[in-house]
A.B. asks: 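Sending over a structure as structure tokens; questions will come in a sec.
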Amino acid sequence: MRVNEIVDKLGLEVIAADSLAREVSGAYIGDLLSNVMARAEEGNLWLTIQGHQNVVAVALLADVAAVIVVEGMTVEDAAVARAEEKGVNILRSELSAYELAVKLVKMGIE
Amino acid sequence: MRCFKADLHIHSCLSPCADIIMTAGNIIKKAVEQGLDIIAITDHNSARNVAAAVEIAAGSPLEVIPGMEVESAEGVHLLCFFDQLEQLITWQEEVYQSLPDMLNDEEYFGYQIITDQEDEFIAKEERLLATAVKMRIEDIVKKITCLGGLVIPSHIDRPYNSMLANLGFIPPEMEISILEISKHVSEKEIKERFPFIKEYSLISSSDSHYLIDIKPMMEFYMEEVSLPEIKLAVLGRNGRKSRIIK
């Protein structure tokens, strides 16, 4: 499944978009960026409450398909600018990481 | 120029995680016994025991640097230091406005006790201190710098509540030049683990929650006890220097 299908089905807000046609390989949930760097896998959707600009660097490093900032958390302007510059997809939802995870599993992303 | 022994990260009984006998008087007595010249009492998101400590220290060979350990919205602990108590009080007002409107559950988190210069109980801090304020790191650094203070990210080697754990690395644009490492790691070990650390100057502190943990952690070679002098010593400028005691 591609990022844009997930955006449509979950009604996600697109904060920064590069390539929404990218294929999604699974998901990772985490807010400690040091741990996310070690554990998130290429092509994952990364669900986090963090809206700090370091999120963009970690997303690039782990090569995730998109970041979903959950619970409607604020994404810093510096993060948005960097995401647009570096080509990182940042999406946002009012739902919690768990609620999103349940929906993602039902859509076949496991 | 002389050598001052310092420990810049000590929690008083105002921090819910600290021992209830960590009153300002007891901390200062222990610090003097340990041969310390400079300490800072750095409670979580509050400075309500610092004034008593400054007053008690006025009659001792010890200097107390006004300080606090604030928790940013990202969950990162940051030490903040000021030259004057008034600056710290101004900062505390800002922090209190930014704390979530929640009460402390002392059964769960612990007691938050305010004491006076005689170590007598004054009050309990009712607000929950063991949490994050709404301000983000960048805002905290800007505001403290603007007030004339100094920010040093706490225990960067710790796997939680630290800049490196929570944010993965030090945000490059941030006006931070000094980092604190915990007593559990040496300067050499941390530089091996994170090579970019060599760009920063380091301090180490006891992060004492019990009297027994208080001890000299730093040596500062400088002219006098003041925040600008400490900063020069840590950065190794103008003939000042510092050393982590291990």
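Predicted model, so just to flag it, every value in this text is computed and none were measured. Chain letters run A, B, ... following the sequence lines, proteins first, then strands; residues in each count from 1.
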A.B. asks: Take atom CZ of R39(A) as the centre, draw a 6.0 Å sphere, and report whether it contains more than 12 heavy atoms from other residues, nucleotides or ligands.
C.D. replies: no

A.B. asks: Just how far is it from atom CG of D77(A) to atom CD of E138(B), taken to the nearest 0.5 Å?
C.D. replies: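 Between D77(A) CG and E138(B) CD, I get 11.5 Å after rounding to 0.5 Å.
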
A.B. asks: Taking all heavy atoms of S34(A) and all of L164(B), pick out the closest pair and write down the distance.
C.D. replies: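 Heavy atoms of S34(A) and L164(B) come nearest at CB-O, 3.3 Å.
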
A.B. asks: Please check if the number of heavy atoms outside K215(B) that lie under 6.0 Å from its NZ is greater than 12.
C.D. replies: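 At most 12 heavy atoms, drawn from other residues, nucleotides or ligands, come within 6.0 Å of this atom.
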
A.B. asks: If you draw a 6.0 Å radius around CD in E192(B), do more than 12 non-hydrogen atoms from other residues or ligands fall strictly inside?
C.D. replies: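 Atom CD in E192(B) is packed in, count exceeds 12.
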
A.B. asks: If you draw a 6.0 Å radius around OH in Y108(B), do more than 12 non-hydrogen atoms from other residues or ligands fall strictly inside?
C.D. replies: no

A.B. asks: Between CG of L33(A) and CE of M163(B), what distance do you get to the nearest 0.5 Å?
C.D. replies: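 With rounding to 0.5 Å, CG (L33(A)) is 11.5 Å from CE (M163(B)).
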
A.B. asks: Could you grab the distance from atom CZ of R82(A) to atom CD of E173(B), nearest 0.5 Å is fine?
C.D. replies: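 One finds 4.5 Å between CZ of R82(A) and CD of E173(B).
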
A.B. asks: How long is the straight-line distance from NZ of K134(B) back to OG1 of T74(A), given to the nearest 0.5 Å?
C.D. replies: 12.0 Å

A.B. asks: With a 4.5 Å cut-off on heavy-atom pairs, point out which of P159(B), A165(B), P172(B) contacts chain A the most.
C.D. replies: A165(B)

A.B. asks: Atom CE of residue position M102(B) - does it have more than 12 heavy atoms of other residues, nucleotides or ligands inside 6.0 Å?
C.D. replies: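 Not buried by this count: 12 neighbours or fewer within 6.0 Å.
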
A.B. asks: Does I20(B), at its CD1 atom, have more than 12 non-hydrogen atoms belonging to other residues, nucleotides or ligands within less than 6.0 Å?
C.D. replies: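 Open.
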
A.B. asks: What's the spacing between H52(A) NE2 and I137(B) CD1 if we round to 0.5 Å?
C.D. replies: 5.0 Å

A.B. asks: Does atom CD (E107(B)) have a neighbourhood of more than 12 heavy atoms from anything else shown, all under 6.0 Å?
C.D. replies: no

A.B. asks: Considering non-hydrogen atoms only, spot the tightest contact between N166(B) and Q50(A) and give its length.
C.D. replies: O-NE2, 2.9 Å

A.B. asks: Restricting to non-hydrogen atoms, name the atom on N54(A) and the atom on F169(B) that form the minimum distance, rounded to 0.1 Å.
C.D. replies: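 Smallest heavy-atom distance, with atoms named: ND2-O, 2.9 Å.
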
A.B. asks: Of the non-hydrogen atoms in R136(B) and G51(A), which two are nearest, and what is the gap between them?
C.D. replies: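 Taking every non-hydrogen atom into account, NH1-C, 4.2 Å.
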
A.B. asks: Counting only heavy atoms from other residues, nucleotides and ligands, does the tally under 6.0 Å from NZ of K183(B) exceed 12?
C.D. replies: yes

A.B. asks: Would you compute the distance between atom CG of L32(A) and atom OH of Y160(B) and round it to the nearest 0.5 angstrom?
C.D. replies: 11.5 Å

